[in-house]
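As structure tokens, the structure follows; a few thoughts come after it.
Computed over heavy atoms, backbone and side chain alike; hydrogens, waters and symmetry mates excluded.
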Amino acid sequence: MPKSTKPDILLFGSGQSLVHKKVQQKIEKDIEKKANVHKAELDKASQLLEEFPSARAILICDSNITQGQHSNLSSQVIDYVKKRGGTVIILFSLVRDEMNRWFKDSWGMPWEVGRDEKEKTTVYLQDSHALAGSSKSRLTASYLTPAVFLQNVRPSDSLYASQLSARVNSATNSPSKSPVATSIAFGKYGWGWLGFVGDGYVAQDETVAAMLVMSNLLDQR
């Protein structure tokens, strides 16, 4: 039987509520059309990463990765991004304090989990994002979605946000005094990319399309 030529995507953990589990299942189904998806709970995730060290991307669906018992896995994931050029996408975390500490202490990122909007809110594709124009041009300009939003996201890292565009301080690339709330963040980190997707209630087609772009899977057949 010929070996699959599809790229490998790793999925760590599972949704921590029934709604999140259903969203995760939809995302998995869509990604499986483009890639081989390999899943493991957090206690087995290190072995999976060792088995697939060149995986195209890692999707993290369990916010317990922020806990001390998973510190070795956390270090492996950061190394995969920073030194090996991998992509990590964190899905719909609601564990605000723990996730904020993880972003700050482990990643050195200023991102903070902000408001949780269960009602659909319009989010806009950000002109300020660093994603190459050819990829960004294939994403929807705006759409309605419920989401958990991030704060303190640099304009160059904010892919979809609650305002049409972020006001940028050109010297610091920092948000204005009224930070834009970001539903999808995707920032350069070392040699790789760190992403966050706040759509944990519906998994809109537009959100999945953004994840395919972030995972470099949009053109994969």
Side-chain angles (χ1 to χ4, degrees), residues 9-17 20 23-24 27 31 42 56-66 70 73-74 77-78 80-82 86-118 121 123-126 128-131 135-136 139 143 145-163 166 173-175 179-190 192-204 206-217:
I9 299 291
L10 309 186
L11 196 154
F12 293 171
S14 54
Q16 293 167 284
S17 72
H20 287 172
V23 168
Q24 181 179 325
I27 290 171
I31 290 178
L42 294 184
R56 179 74 60 85
I58 297 173
L59 311 182
I60 298 177
C61 302
D62 188 342
S63 57
N64 284 317
I65 194 170
T66 62
H70 299 300
L73 173 61
S74 177
V77 166
I78 293 169
Y80 159 82
V81 175
K82 187 175 183 179
T87 294
V88 163
I89 301 172
I90 301 156
L91 301 181
F92 44 76
S93 172
L94 288 172
V95 187
R96 183 172 282 102
D97 292 342
E98 290 87 345
M99 186 59 67
N100 292 348
R101 278 196 295 269
W102 191 58
F103 281 141
K104 180 181 177 181
D105 297 340
S106 297
W107 292 90
M109 295 291 279
W111 298 356
E112 293 183 352
V113 178
R115 71 177 193 263
D116 176 13
E117 293 283 356
K118 293 183 174 65
T121 300
V123 295
Y124 302 90
L125 186 63
Q126 300 294 291
S128 57
H129 192 272
L131 195 66
S135 296
K136 195 159 53 172
L139 295 176
Y143 67 100
T145 183
V148 174
F149 288 87
L150 289 184
Q151 298 173 334
N152 300 336
V153 179
R154 290 187 293 267
S156 60
D157 295 348
S158 179
L159 186 58
Y160 276 97
S162 60
Q163 295 178 23
N173 185 32
S174 63
V180 169
T182 295
S183 60
I184 300 181
F186 193 49
K188 198 79 175 73
Y189 188 87
W193 293 84
L194 174 64
F196 175 92
V197 173
D199 177 5
Y201 297 105
V202 181
Q204 303 280 12
E206 297 89 345
T207 298
V208 175
M211 292 181 65
L212 292 176
V213 167
M214 293 157 74
S215 304
N216 194 22
L217 291 174

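Contact between R115 and A181 at its shortest, heavy atoms only, is NH1-CB, 3.4 Å. Closest approach of S128 and P155 over heavy atoms only: OG-O, 3.0 Å. Nearest heavy atom pair, residue A185 against residue V153, reads CB-CG1, 4.2 Å. Residues A203 and V208 come closest through the heavy atom pair O-CG2, 4.2 Å. The shortest non-hydrogen separation linking Q204 to P146 is NE2-CD, 4.2 Å. Summarising the geometry of S158 relative to Q126, their closest heavy-atom pair is O-CB, 3.1 Å, with the distance given to 0.1 Å.
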Requested in this report: Run the numbers on L91 and F12 for side chain to side chain contact (heavy atoms under 4.5 Å, CB included), then give the verdict.
Outcome: CA-CA 10 Å; L91 301 181; F12 293 171; over 6 Å; no

**Report entry** Full working for side chain to side chain contact (heavy atoms under 4.5 Å, CB included) between L125 and L159
**Finding:** CA-CA 6 Å; L125 186 63; L159 186 58; 3.8 Å; yes

**Report entry** Working for side chain to side chain contact (heavy atoms under 4.5 Å, CB included), residues L10 and L59
**Finding:** CA-CA 6 Å; L10 309 186; L59 311 182; over 6 Å; no

Report task. For the pair S215 and I31, evaluate side chain to side chain contact (heavy atoms under 4.5 Å, CB included) and give the outcome as yes or no after the intermediate values. Result -> CA-CA 10 Å; S215 304; I31 290 178; 5.5 Å; no

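The line from CZ of R101 to OG of S106 is 10.5 Å long, rounded to the nearest 0.5 Å. Rounded to the nearest 0.5 Å, atoms CH2 (W107) and NZ (K82) are 10.0 Å apart. How far CH2 of W111 is from CZ of R154: 8.0 Å, rounded to the nearest 0.5 Å. Rounding to the nearest 0.5 angstrom, the gap separating the CD1 atom in I60 from the CG atom in L73 is 7.0 Å. Of the inter-residue distances, the one linking T87 atom OG1 with Y80 atom OH reads 6.0 Å to the nearest 0.5 angstrom. In this structure, OG1 on T145 lies 8.0 Å from CD on E206, to the nearest 0.5 angstrom.
In this structure, the side chains of I90 and F103 come closer than 4.5 Å at one or more pairs of heavy atoms. You'll find the side chain of I184 reaches within 4.5 Å of the side chain of M214, heavy atoms only. Between Y189 and V88, every side-chain heavy-atom pair lies at or beyond the 4.5 Å cut-off. F196 is not listed as a side-chain neighbour of T182, based on a closest heavy-atom distance of 4.5 Å or more. Looking at heavy atoms from C-beta onward, N216 lies in side-chain contact with R56 at the 4.5 angstrom threshold.
Of the possible polar contacts, none joining the D62 side chain to the L42 backbone as a donor-acceptor pair under 3.5 Å is found. For Q151 (side chain) and P110 (main-chain N/O), no donor-acceptor pair under 3.5 Å exists by modelled atom type. N100 places a side-chain N or O within 3.5 Å of a backbone atom of V113 that can act as its donor or acceptor partner.
Summarising the local packing, NZ of K188 is surrounded by more than 12 heavy atoms from other residues, nucleotides or ligands at distances under 6.0 Å.
With no hydrogens or angles considered, no side-chain donor-acceptor pair links Y160 and T207 at under 3.5 Å.
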